[in-house]
Amino acid sequence: MKNVAILGSTGSIGTQALEVARLQGDINIMSVCANTNVVLAEQQIREFKPKYAAMMDEKAAKELKTRTGDIDYTLLCGQDGICECATLAQSDFVLNSVVGIAGLRATLAAINAGKTFALANKESLVTGGDLVMSAAEKAGVTILPVDSEHSAIFQSLQGCQGKNQIKRLILTASGGPFFGKTREELSKVTLEQALKHPNWSMGAKITIDSATLMNKGLEFIEAMWLFDLKPEQIEIVVHRESVIHSAVEYDDCSVIAQLGVPDMKIPIQYALLYPDRMECPTKRLSLIDYGTLTFAKP
């Protein structure tokens with residue numbers, strides 16, 4: 001049984017992680033942490049019965065305490081509460097899917113506590129990459145990436161004997177909803193259009209960042225830190241179908257890629273169950289149904 005703390009449990013990644021836990025009998029949710037979504041946090045506490053929960057927002061924490069007064073668990077509050085959930089002695093695995101810079105302290109706390117750690121909070125590496133990777137090396141912690149692109153690279157590196165064998169990483173990008181539009185057309189786009197991603201179901205912030213390709217810039221920085229490579233060793237390729245999630249080119253010019261339907265439950269489950277693989281609640285990939293895979297410069 002794996003005892004898991006989920007930081008950011010009411011967001012897109014967190015809710016899908018709980019969906020995976022619901023279907024996999026060997027995952028026990030030890031704690032859930034959220035920001036302000038009291039209604040969903042209450043539902044999660046009642047279903048998964050964690051020993052601990054934390055709310056970043058103090059007002060939300062008070063409301064949650066009132067709504068769950070009949071349940072036996074410990075409720076924590078604020079950044080300190082999130083970090084406490086990340087370092088619980090009873091937890092052996094931490095998934096950090098907090099959105100934004102708020103996730104950095106919890107990332108460092110979990111790593112310094114020696115927890116097996118899955119990272120879906122890209123700002124931890126974008127803003128504190130040197131701090132995070134140095135702490136992970138010192139603590140002997142392997143960071144399991146949850147972003148689909150970095151999970152694909154991590155999977156494609158299994159069996160790699162050392163980074164000296166790597167020629168480059170190929171980070172794929174869907175191009176978002178505005179691919180191919182002219183500068184004039186882009187000046188007239190709306191928020192609603194930007195929130196309609198062609199392939200992925202994600203939270204609002206990541207969806208907007210994807211529409212502008214800012215998200216790919218952040219993922220570029222993440223990849224540099226996670227895999228200890230130089231900027232010139234990373235290439236971004238627009239791949240509209242989001243079937244090839246990323247790839248690694250080796251010194252012998254062979255390229256190993258990870259493919260699958262665009263569903264975040266696949267990389268989430270891979271991180272949660274690593275190194276095991278089990279049935280995943282998503283569609284199987286049919287290359288025949290896709291027919292053609294396309295590629296373009298960003």
### Message
My understanding is that only one of Ser97, Ser124, Pro145 makes a side chain to side chain contact (heavy atoms under 4.5 Å, CB included) with Leu119; could you say which?
### Response
Ser124

### Message
Testing the basics here: between Ile6 and Gly14, what is the closest heavy-atom pair and its distance to 0.1 Å?
### Response
CG2-CA, 4.1 Å

### CA sep, side-chain torsions, deciding dist, call: Lys122, Glu149, salt bridge (Lys or Arg N to Asp or Glu O under 4.0 Å)
CA-CA 12 Å; Lys122 54 174 51 68; Glu149 295 83 357; over 6 Å; no

### Query
Using 4.0 Å as the upper bound for N to carboxylate O, is an ion pair formed by Glu219 and Lys216?
yes

### Task
Take Asp57 and Lys59, measure what salt bridge (Lys or Arg N to Asp or Glu O under 4.0 Å) needs, and give me the verdict at the end.
CA-CA 6 Å; Asp57 182 80; Lys59 183 179 177 181; over 6 Å; no

N/O donor-acceptor pairs under 3.5 Å from side chains in residues 266-273, not counting sequence neighbours:
residue: Gln269; atom: OE1; partner: Gln24; partner atom: NE2; Å: 3.1
residue: Gln269; atom: NE2; partner: Met278; partner atom: O; Å: 2.9
residue: Gln269; atom: NE2; partner: Glu279; partner atom: O; Å: 3.3

### Task
Side-chain contact test, heavy atoms from C-beta onward, threshold under 4.5 Å: evaluate it for Leu169 versus Leu171 and give yes or no.
no

### Query
Around atom NZ of Lys167, are there more than 12 heavy atoms of other residues, nucleotides or ligands at under 6.0 Å?
yes

#### Entry: Interatomic distance, Leu7 atom CG to Asn96 atom CG [nearest 0.5 angstrom]
5.0 Å

### Interatomic distance, Ile82 atom CD1 to Thr87 atom OG1 [nearest 0.5 angstrom]
11.5 Å

### side-chain contact (heavy atoms from CB on, under 4.5 Å) evaluation trace for Leu40 with Thr15
CA-CA 9 Å; Leu40 186 50; Thr15 54; 3.8 Å; yes

### Task
Determine, step by step, whether Leu64 and Ile45 satisfy the side-chain contact (heavy atoms from CB on, under 4.5 Å) criterion, reporting the C-alpha distance in whole Å, the side-chain angles of both residues, the deciding distance to 0.1 Å, and the verdict.
CA-CA 10 Å; Leu64 182 63; Ile45 290 167; 3.8 Å; yes

### Residues that His245 engages under ring pair (Phe, Tyr, Trp, His ring centres under 6.0 Å), provided they are two or more places apart
Trp200

### Task
Keeping to residues at least two apart or across chains, list the ring pair (Phe, Tyr, Trp, His ring centres under 6.0 Å) pairs with something in residues 138-178.
Phe154-Tyr274

### Task
Ignoring hydrogens and angles, tell me if any N or O in the side chain of Lys163 forms a donor-acceptor pair with the backbone of Leu229 under 3.5 Å.
no

